[in-house]
Asker: 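Dropping the structure in here first, questions after.
Residue indices begin at 1 and follow the sequence shown.
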Amino acid sequence: MEAITDGVNKMNIAESQKKNRIQVSNTKKPLFFYVNLAKRYMQQYSEVELSALGMAIATVVSVAEILKNNGFAIERKIKTSTVEIKDERVRPIQKAKIEITLGKTENFDELMAKSAQEREAADAEAQS
């Protein structure tokens, strides 16, 4: 019985750690959708994990680099692996996988406040 309880506790921990994960696709959303989503996740959780398979890896790397180059994020961890996925014919296919964990920089909140002010000023100018 103790083993079951331990397993459930570990499962809950694993699930709570995945709340800050963004699984990136290279076809569904534009690049800056993921950039802005990552910023919001970092505001909420202090760090974000970007994850992608195959061709979407380039998108994840681009998102991470944009956030780093603009001073919003620092790299915490990069993990690469190969996963096996079944295709429509139920054949196993090997796909490359990347997970990049980013954390907030010290001036993250200042940068977010500045970009919010710039957006408000642009909105006010557009309405007048």
Side-chain angles (χ1 to χ4, degrees):
M1 189 68 167
E2 227 172 275
I4 294 171
T5 305
D6 288 343
V8 169
N9 290 338
K10 287 177 185 172
M11 186 173 70
N12 289 340
I13 291 168
E15 286 174 352
S16 68
Q17 289 172 343
K18 292 184 181 184
K19 287 182 182 176
N20 65 339
R21 175 182 285 178
I22 299 172
Q23 291 182 303
V24 175
S25 164
N26 64 339
T27 57
K28 292 183 182 171
K29 304 280 184 194
L31 179 69
F32 276 89
F33 169 83
Y34 294 112
V35 171
N36 293 324
L37 185 61
K39 287 180 191 175
R40 279 190 259 140
Y41 273 42
M42 283 192 290
Q43 276 181 314
Q44 194 171 0
Y45 300 109
S46 297
E47 70 176 28
V48 64
E49 182 182 299
L50 303 168
S51 175
L53 295 174
M55 300 298 285
I57 289 173
T59 304
V60 163
V61 172
S62 295
V63 169
E65 287 301 311
I66 288 167
L67 292 167
K68 285 172 26 187
N69 292 337
N70 289 311
F72 288 100
I74 55 171
E75 261 174 39
R76 292 260 168 86
K77 183 172 76 170
I78 298 176
K79 179 181 172 188
T80 60
S81 60
T82 305
V83 295
E84 196 170 278
I85 297 178
K86 306 240 188 269
D87 70 358
E88 55 277 342
R89 294 185 207 124
V90 195
R91 286 191 325 219
I93 295 177
Q94 299 287 317
K95 286 231 178 191
K97 180 179 181 177
I98 192 167
E99 295 172 354
I100 301 176
T101 304
L102 300 173
K104 284 200 241 184
T105 57
E106 288 181 17
N107 58 343
F108 175 86
D109 294 321
E110 295 167 27
L111 291 169
M112 288 298 286
K114 184 179 175 185
S115 65
Q117 288 172 346
E118 289 170 357
R119 249 191 328 266
E120 287 173 9
D123 289 347
E125 191 175 305
Q127 290 178 356
S128 59

Asker: Determine whether Leu102 and Ile74 satisfy the following criterion, side chain to side chain contact (heavy atoms under 4.5 Å, CB included), listing intermediate values before the conclusion.
Answerer: CA-CA 6 Å; Leu102 300 173; Ile74 55 171; over 6 Å; no
Asker: Once rounded to the nearest 0.5 Å, what's the spacing between atom OG1 of Thr82 and atom CD1 of Ile93?
Answerer: 13.5 Å
Asker: Determine, stepwise, if the pair Leu53 / Ile85 fulfils side chain to side chain contact (heavy atoms under 4.5 Å, CB included).
Answerer: CA-CA 10 Å; Leu53 295 174; Ile85 297 178; 3.4 Å; yes
Asker: Taking salt bridge (charged side-chain N to carboxylate O under 4.0 Å, His left out) as the definition, give me every residue that meets it alongside Glu65, ordered by chain and number, with sequence neighbours left out.
Answerer: Lys68
Asker: Give the cluster check for Phe33 versus Leu31: same hydrophobic cluster or not, with ILVMFWY residues linked at side-chain heavy-atom distances below 4.5 Å.
Answerer: yes
Asker: Using salt bridge (charged side-chain N to carboxylate O under 4.0 Å, His left out), reason through Lys97 and Glu99 one step at a time and then give a plain yes or no.
Answerer: CA-CA 7 Å; Lys97 180 179 181 177; Glu99 295 172 354; 3.1 Å; yes
Asker: Honestly, is Lys39 close enough over Phe72, meaning NZ or CZ under 6.0 Å from the six-membered ring centre and within 45° of the axis?
Answerer: yes
Asker: Tell me, please, which residues at least two apart from Arg76 pass salt bridge (charged side-chain N to carboxylate O under 4.0 Å, His left out).
Answerer: Glu47
Asker: Please find the pair of heavy atoms, one from Ala38 and one from Leu67, that lie closest to each other, and give the distance.
Answerer: CB-CD1, 3.6 Å
Asker: Out of the candidates Ile78, Asn26, Ile22, Ile100, only one should pair with Val60 under the side-chain contact (heavy atoms from CB on, under 4.5 Å) rule; please name it.
Answerer: Ile100
Asker: Going from CZ on Arg40 to CE on Met112, what distance comes out if it is rounded to the nearest 0.5 angstrom?
Answerer: 8.5 Å
Asker: What verdict does the side chain to side chain contact (heavy atoms under 4.5 Å, CB included) test give for Leu111 and Phe108, after you've listed the backbone C-alpha separation in whole Å, the side-chain angles of each residue and the deciding distance to 0.1 Å?
Answerer: CA-CA 5 Å; Leu111 291 169; Phe108 175 86; 5.8 Å; no
Asker: Mind listing the closest non-hydrogen atom pair of Lys19 and Tyr41 along with its distance?
Answerer: O-CE2, 3.5 Å
Asker: For Glu106, is the CD atom crowded, meaning more than 12 foreign heavy atoms sit under 6.0 Å from it?
Answerer: no
Asker: Going from OG on Ser115 to CD on Glu120, what distance comes out if it is rounded to the nearest 0.5 angstrom?
Answerer: 10.0 Å
Asker: Under a 4.5 Å cut-off applied to non-hydrogen side-chain atoms, are Lys104 and Asp109 in contact?
Answerer: yes
Asker: Would you find a donor on one side and an acceptor on the other, under 3.5 Å apart, between the side chain of Ser46 and the backbone of Met42?
Answerer: no
Asker: Check the pair Gln23, Leu50 against side chain to side chain contact (heavy atoms under 4.5 Å, CB included), reporting the backbone distance first and the verdict last.
Answerer: CA-CA 6 Å; Gln23 291 182 303; Leu50 303 168; over 6 Å; no
